[in-house]
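For clarity, every value in this text was computed on a predicted model and none was experimentally measured. First the proteins, then the strands, lettered A, B, ... as listed; each starts at 1.
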There are 2 protein chains.
Amino acid sequence: MLTVPEDGFAFCPVRDVLDRVGDKWSLLAILYLGSAEQLRFNELRKNIAGISQRMLTVTLRSLESDGLVARTVYAEVPPRVEYQLTDRGQGLLEAVLHLGQWAKEHAPAILQARQQALAPTKPRSVNDLG
Amino acid sequence: MLTVPEDGFAFCPVRDVLDRVGDKWSLLAILYLGSAEQLRFNELRKNIAGISQRMLTVTLRSLESDGLVARTVYAEVPPRVEYQLTDRGQGLLEAVLHLGQWAKEHAPAILQARQQALAPTKPRSVNDLG
DNA sequence: CAGAATCCTTATGGATACTG
DNA sequence: CAGTATCCATAAGGATTCTG
C-alpha cells in the first residue's frame, strides 16, 4: 500500500513529468526525435501531423528549457536548425515507453469500458448498487 | 533507436494514458485511492488539496468509466459512497509510480535547467551557437 | 453526504500575417 | 527556413447555488 507523504503529494515528481509531457504535442515531439539522430524544424513539422508552426516552436522551446532537447543553429543562409534529444530526453523517452507498455496491454479494456459507460441501459441513480 | 510506426504515432497508447492521467486531478485521486482501501467522497475531497466538488465528481466519474475506480453506493441515509481502485487502476498506479522513479531522480536537474533558461544573460538570437 | 446544474474565468491551442 | 507577433476559438476548470 502506498503511503501518503507529509506534504500530501504537493511535491510530486510524477505530476511534474505529467505536466511536462501531458500537453498536446510534447510527447509526439519526443517520440519523433527519439526515432532519428536529429531533425530540422520543418522535418518535425511534417512528421507531427496537425501541429501548427506556433505550437511546434512553443513545444520545442519548453522541452529545450528543461534540458530534454538540444537546439543547434548553423550559421547558414537559409538558416538550418537541428533538434535532438539530450541524454536526459532519451531517458524520459524510455521511462515513458515503459508506461506505454502497460498502456498497450490495457488500452483495449479501457476503451471497451469507456464505450459501455457511454451507452448505459438506463441513467444511473443512487439506487444502483453495484 | 525507436521506429516510427506506419500511422505516425496516430495510434499511441502512451498518449491515451497521458490523456487519462494528464489532467489536473486524476493522478492525485489515483494516488490517494492507492494509499487506502477505499475512501468516501468527502474524505477524498479533504485529502486532495484545492479540488472543487465539481472537479472531484467529474474526475471520479471519468476514472470510473474507464474501469480504474470502483464506486460503491450504500443505501443509507445520509448517503455513503465509497471509491476504491480496481485492479486495473492499481496497475496503472504502479506503472505511473515507475515513471515517478525516473522523475524523482531527474526532477532537480530539470528544475534547475528551467530556472537557468528563465534568467538568461541576454535574449537569445539566431547567432548564439551553443 | 454526495452530488447536479449553472455560470463564469482562465488556459490551451489554432489561424494568419509578417520577418531576419 | 525557421521562426515572431497577434488575434481568436475552444476547452478545462472554479465558484456558487440547489437537492434527494
Side-chain angles (χ1 to χ4, degrees), chain A residues 15 18-29 32-33 38-65 69-84 117 120 122-130, chain B residues 15 18-29 32-33 38-65 69-84 117 120 122-130:
Chain A
R15 261 255 59 86
L18 290 183
D19 286 343
R20 165 107 306 302
V21 290
D23 68 329
K24 192 165 176 180
W25 300 112
S26 290
L27 173 72
L28 278 172
Y32 277 108
L33 288 172
Q38 74 287 314
L39 290 171
R40 301 179 60 165
F41 186 87
N42 277 337
E43 286 176 332
L44 273 168
R45 187 151 151 63
K46 258 170 239 150
N47 283 335
I48 305 178
I51 197 172
S52 67
Q53 194 174 44
R54 178 179 122 81
M55 286 315 295
L56 181 54
T57 303
V58 169
T59 301
L60 288 172
R61 287 289 181 278
S62 83
L63 290 174
E64 189 197 359
S65 82
V69 161
R71 175 178 183 268
T72 312
V73 180
Y74 295 90
E76 306 175 355
V77 39
R80 177 162 60 104
V81 179
E82 292 195 332
Y83 294 90
Q84 56 194 305
K122 55 176 187 175
R124 179 174 63 183
S125 92
V126 91
N127 298 317
D128 298 346
L129 306 181
Chain B
R15 262 253 62 85
L18 291 183
D19 286 345
R20 167 107 301 305
V21 288
D23 67 331
K24 191 165 178 181
W25 301 111
S26 291
L27 173 72
L28 277 173
Y32 277 108
L33 288 172
Q38 73 287 315
L39 291 170
R40 300 179 60 164
F41 186 87
N42 277 338
E43 287 176 332
L44 273 167
R45 187 150 151 61
K46 258 170 242 152
N47 284 333
I48 304 177
I51 197 171
S52 66
Q53 194 174 46
R54 179 179 121 80
M55 284 317 293
L56 181 56
T57 304
V58 169
T59 301
L60 288 171
R61 288 290 181 277
S62 83
L63 290 173
E64 189 196 359
S65 82
V69 162
R71 176 178 183 266
T72 312
V73 180
Y74 295 89
E76 307 173 354
V77 41
R80 178 164 59 104
V81 180
E82 292 194 334
Y83 294 89
Q84 55 194 307
K122 54 178 190 176
R124 179 174 65 182
S125 91
V126 89
N127 299 317
D128 299 345
L129 306 180

> B:R71 CZ to C:dC1 P: how many Å, rounded?
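That distance rounds to 16 Å.
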
> For D:dA2 and A:R40 - does any side-chain N or O of the residue sit under 4.0 Å from the phosphate oxygens OP1/OP2?
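It does, given that an N or O in the side chain of A:R40 lies less than 4.0 Å from OP1 or OP2 of D:dA2.
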
> Taking C-beta and beyond as the side chain, do A:E82 and A:Y74 meet within less than 4.5 Å on heavy atoms?
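Counting from C-beta outward, A:E82 and A:Y74 do come under 4.5 Å.
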
> Side chains of B:R20 and B:S62: donor-acceptor distance under 3.5 Å anywhere?
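Side chains of B:R20 and B:S62: pair found under 3.5 Å.
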
> Atom CG of A:L56 to atom C1' of C:dT12: distance rounded to whole Å?
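Value for this atom pair: 16 Å.
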
> Under a plain distance cut-off of 3.5 Å, with no hydrogens placed, do B:R80 and B:T72 share a side-chain donor-acceptor pair?
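B:R80 and B:T72 do not have a side-chain donor-acceptor pair below 3.5 Å.
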
> Counting any heavy atom closer than 4.0 Å, what does A:R54 reach on the DNA or RNA strands: base, sugar-phosphate only, or nothing?
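Base, at least one base atom sits under 4.0 Å.
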
> Look up atom CD in B:Q38 and atom CD in B:E43, then write down how far apart they are to the nearest 0.5 Å.
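Going from CD on B:Q38 over to CD on B:E43, the span is 8.0 Å.
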
> Let me know the distance between OH of B:Y83 and P of C:dC1, rounded to the nearest Å.
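The answer, rounded to whole Å, is 14 Å.
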
> Please state how far atom CG in A:L39 lies from atom C1' in D:dA2, giving the value in whole angstrom units.
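Whole-Å distance recorded here is 15 Å.
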
> Using atom CD of A:E43 as one end and atom P of D:dG3 as the other, report the distance to the nearest whole Å.
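From A:E43 CD to D:dG3 P: 13 Å.
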
> Check whether any side-chain nitrogen or oxygen of B:R61 sits under 4.0 Å from OP1 or OP2 of C:dA4, and answer yes or no.
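True: B:R61 side-chain N/O within range (under 4.0 Å) of C:dA4 OP1/OP2.
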
> If you pin B:L60 and A:W25 to their nearest nucleotides in DNA chain C, which one's is more 5'?
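Looking at the nearest nucleotide for each, B:L60 comes out on the 5' side.
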
> Is A:K24 near enough to D:dA11 that one of its side-chain N or O atoms lies under 4.0 angstrom from OP1 or OP2?
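No.
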
> First locate atom CG of A:L18, then atom CG of A:D23, and finally report the distance between them rounded to the nearest 0.5 Å.
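With rounding to 0.5 Å, CG (A:L18) is 11.0 Å from CG (A:D23).
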
> Of A:Q53 and A:D23, whose nearest nucleotide on DNA chain C comes first from the 5' end?
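Result of the comparison: A:D23.
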
> Taking only the side-chain heavy atoms of A:F41 (C-beta and beyond), determine which of C:dG14, C:dG3, D:dA2 contains the nearest atom.
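Comparing C:dG14, C:dG3, D:dA2 against the side chain of A:F41, the answer is D:dA2.
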
> Of all the choices, C:dG14, C:dA4, C:dC1, which nucleotide is nearest to the side chain of B:P79 once you look at every atom?
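When the side chain of B:P79 is considered, C:dC1 is the closest of C:dG14, C:dA4, C:dC1.
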
> Whole angstroms only, please: what is the NZ-P distance between B:K46 and C:dC1?
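Rounded to whole Å, this separation is 7 Å.
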
> How many Å lie between CD on B:E76 and C1' on D:dG20, as a whole number?
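Distance check: B:E76 CD to D:dG20 C1' gives 15 Å.
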
> Specify the separation, in whole Å, of atom CG of B:D19 and atom P of C:dG13.
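Computing the B:D19:CG to C:dG13:P distance gives 11 Å.
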
> Considering only side-chain heavy atoms of A:M55, which listed nucleotide, D:dA2, C:dC1, C:dG13, is closest?
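That would be C:dG13.
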
